[in-house]
Amino acid sequence: MILNKHSQQLTQVDSQPASKAMLHAIGLTKDDFRKPFVGIGSTGYEGNPCNMHLNTLAELVKKGTNDADIVGLIFNTIGISDGISMGTPGMRFSLPSRDIIADSMESVVEAMAYDGLITVVGCDKNMPGALMAMLRLNRPSILIYGGAIKSGCYKNKKLDIVSAFEAYGKKIVGEIDQMEYDSIIENACPGAGACGGMYTANTMASAIEGLGMSLPYNASNPADSVLKKHECKIAGKAIKKLLELDLKPRDIVTKRSIDNAIRLVTVLGGSTNAVLHFLAIAHAAEVDYTLDDFQAISDATPLLANLKPSGKYLMEDLHKIGGIPSIVKYLIKEGLIDGTCLTITGDSLEENVKDAKDIDKTQDIIKPITSPIKPTGHLRILKGNLASEGAVAKITGKEGKLFSGIAKIYNSEEEANLGIQSREVRKGMVVVIRYVGPKGGPGMPEMLKPTSAIIGAGLGNEVALITDGRFSGGSHGFVVGHISPEAQVGGNIALLKDGDTITIDAVKNTIHADVSDEEWKLRREKWVQPQLRVTKGTLYKYAKTVSSASIGCVTDVY
């Protein structure tokens, strides 16, 4: 088996003298030229706890590749911190960063003729971006997640990033004072690692492990652990095996393995962002996957995990009971996951988890299938006259299954935040945040700030919130996002008025405004499409190329 089938065009061809001269300049020898080259793509940077340690992990990966007689070459690409940019204009750049990451990783590996790819990634958009690149390239690849952060602590109470957001709502209503507010913020995030609950980062890490594209325990090994460092070191040996087998991402990412990933997301109560990202991942893999597939899985899969944001526990707690392998082992046994699917170890998913410890029946984190938190999944794909292409809700059952109320319209997140702060939002309202979709944002920003403020203000069960934007994996409550078509392109959400009655039914999977066909027609005749909020730069390019959220906000469909 030729392991350097791509890099040999640079290292073994006489007509490439400049290529070889430059590779000698970085310290490589003639002997190295006969070895496979593997790119080590890191999204490490200093400005975010999720990513601050990734360059150090990438160095460990490089050592592992060298030990496996492979030339490992580190390169970097961008990351955007969702938690830091949340609630600011910067949040518009978060989702576009997914595609920048995918484009840049694809570009480096193709241009530099690397034979394989190992990515070291952290915050939310890093993982789907890296996986999309792997699938486009279709060269032996491994995804390494940087791991979750330790929980914070204040007054003997566990804290995480959502604790900080929800403290703001508590401060608004006078439940806590400025000193307590500041103390929660100072203690919420104690060091390196991604946000600790089953938010988007841990959702995607878990799903990608269930998909078969990362090593066992990758998702739950903590960021600062010896286990995470060991995982990085053995990645070199693992990529060598993939090169020898010529086992590529599209051999692993199939309709069946994506089903496994989404069942795991459903069992764990994962983020609605998984819908958006797996639509894009399936597109990159050239697998036909639609919103209807998500709903079918959610209908047939119970919610078992008592994890934040709607539950009690964090990823560090899940790690202690055996991590994702123990859960996958249990789900295979119960017939919910197909254990025959191939993984990057070269073995099946079932083989990977056969030695994982069984879940202790006395723990409270993962409920038994016979006694689920909810007998069907929390992900609801809603359709109706407000979302003819679909919308995504996260309903765990604690919020209820039906909400009907009068619309309170805001044309930006900033307007909504001010409205919540000034107590315009009252019991029985459906808060509508529009013109924040993929094109309207542009960038379809997440909105943890308004949902957290609503929860913190004690209105979590009294108010619904709908949007053509997104919600953070940390959001909970009666919330509906991804409404498509979005307001910017004339979806009916653009035609809503204050006082319209909106009904969200998570049993029938509908979202409906009590507006007659004749009234819709009259309103549409008066509607004028607003100008894009940007006229140049990254967001302008994104607005001009991005697809509907209903097909994953991909940027290569025209």
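Along the sequence shown, the residues carry numbers beginning at 1.
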Checklist entry - Passes salt bridge (Lys or Arg N to Asp or Glu O under 4.0 Å), Asp160 versus Lys150? Steps please. => result CA-CA 8 Å; Asp160 66 350; Lys150 285 181 179 177; over 6 Å; no

Tell me if a side-chain donor or acceptor on [X] pairs with a main-chain N or O of [Y] at a distance below 3.5 Å.
X	Y	value
Ser547	Val554	yes
His378	Leu303	no
Asn385	Ala513	yes
Thr88	Met86	no
Asn187	Ile184	no
Lys62	Gly72	yes

Item to check | Test side chain to side chain donor-acceptor pair (under 3.5 Å) applied to His283 - qualifying residues, sequence neighbours left out | outcome: Asp556

Checklist entry - Would you say Arg426 has more than 12 foreign heavy atoms packed within less than 6.0 Å of its CZ? => result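 No, CZ of Arg426 has 12 or fewer neighbouring heavy atoms, counting only those of other groups under 6.0 Å.
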
Next on the checklist: Taking atom CD as the centre, does Gln178 end up with more than 12 heavy-atom neighbours from other residues, nucleotides or ligands that are less than 6.0 angstrom away?
Outcome noted: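 Result for CD/Gln178: enclosed.
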
Next on the checklist: Test side-chain hydrogen bond (donor to acceptor under 3.5 Å, both in side chains) on Thr200 and Ser271; report intermediate values, then the result.
Outcome noted: CA-CA 5 Å; Thr200 304; Ser271 168; 2.9 Å; yes

Give, for atom [atom1] of [X] and atom [atom2] of [Y], the distance between the pair rounded to the nearest 0.5 Å.
X	Y	atom1	atom2	value
Leu95	Leu276	CG	CG	5.5 Å
Ile466	Phe478	CD1	CZ	11.5 Å
Leu268	Ile324	CG	CD1	5.0 Å
Ile80	Ser97	CD1	OG	5.0 Å
Glu413	Ile433	CD	CD1	6.0 Å
Thr290	Leu279	OG1	CG	8.0 Å

Student check: side-chain heavy atoms of [X] and [Y] closer than 4.5 Å:
X	Y	value
Met127	Ile208	yes
Leu307	Leu314	no
Leu73	Val38	no
Leu227	His319	yes
Tyr313	Leu318	no
Ile281	Met204	yes
Glu486	Ile493	no
Asn509	Lys383	no

Will you find, in the side chains of [X] and [Y], an N or O donor that is under 3.5 Å from an N or O acceptor?
X	Y	value
Glu446	Ser94	no
Tyr168	Gln421	yes
Glu424	Tyr410	yes
Thr467	Arg434	no
His277	Arg98	yes
Asn492	Arg523	no
Ser550	Ser484	no
Glu46	Asn51	no
Asn202	Tyr145	yes

Item to check | Intermediate values then yes/no, side chain to side chain contact (heavy atoms under 4.5 Å, CB included), Phe75 and Ser104 | outcome: CA-CA 10 Å; Phe75 67 92; Ser104 59; over 6 Å; no

Quick test of your reading: applying salt bridge (charged side-chain N to carboxylate O under 4.0 Å, His left out), list the pairs with at least one residue in [range], sequence neighbours left out, ordered by first then second residue.
range	value
residues 81-94	Asp82-Lys125
residues 192-215	none
residues 530-551	none
residues 170-180	Lys155-Glu180

Next on the checklist: Which residue in the set Ser151, Ser225, Ser220 passes side-chain hydrogen bond (donor to acceptor under 3.5 Å, both in side chains) when paired with Glu316?
Outcome noted: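 Looking at Ser151, Ser225, Ser220, the match for Glu316 under the side-chain hydrogen bond (donor to acceptor under 3.5 Å, both in side chains) is Ser151.
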
Item to check | Partner of Asn126 by side-chain hydrogen bond (donor to acceptor under 3.5 Å, both in side chains), out of Thr43, Thr119, Thr77 | outcome: Thr43

Checklist entry - Can Leu496 and Leu386 be said to form a side chain to side chain contact (heavy atoms under 4.5 Å, CB included), step by step? => result CA-CA 9 Å; Leu496 286 172; Leu386 276 182; 3.8 Å; yes

Item to check | CA sep, side-chain torsions, deciding dist, call: Val253, Met213, side chain to side chain contact (heavy atoms under 4.5 Å, CB included) | outcome: CA-CA 8 Å; Val253 180; Met213 282 301 298; 3.8 Å; yes

Item to check | Stepwise side chain to side chain contact (heavy atoms under 4.5 Å, CB included) check, Leu465 with Val430 | outcome: CA-CA 5 Å; Leu465 197 159; Val430 178; over 6 Å; no

Checklist entry - Does the salt bridge (Lys or Arg N to Asp or Glu O under 4.0 Å) test come out yes or no for Lys158 and Asp317, once each step is laid out? => result CA-CA 11 Å; Lys158 275 190 175 186; Asp317 301 306; 2.9 Å; yes

Item to check | Lys228 and Glu231: CA distance, side-chain angles, deciding distance, salt bridge (Lys or Arg N to Asp or Glu O under 4.0 Å) verdict | outcome: CA-CA 5 Å; Lys228 180 57 67 178; Glu231 180 191 331; 3.1 Å; yes

Next on the checklist: So that I can tick it off, tell me whether Asp468 and Lys439 are bridged by a salt bridge, with the cut-off set at under 4.0 angstrom between side-chain N and carboxylate O.
Outcome noted: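 No salt bridge links Lys439 with Asp468.
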
Item to check | Those residues that, when tested against Tyr289, pass ring-ring contact (aromatic ring centres under 6.0 Å, His included) (two or more places apart) | outcome: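 Expected list: Phe294.
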
Checklist entry - Does the pair Arg470 and Thr272 meet the rule for a side-chain hydrogen bond (donor to acceptor under 3.5 Å, both in side chains), with working shown? => result CA-CA 8 Å; Arg470 295 183 297 130; Thr272 54; over 6 Å; no

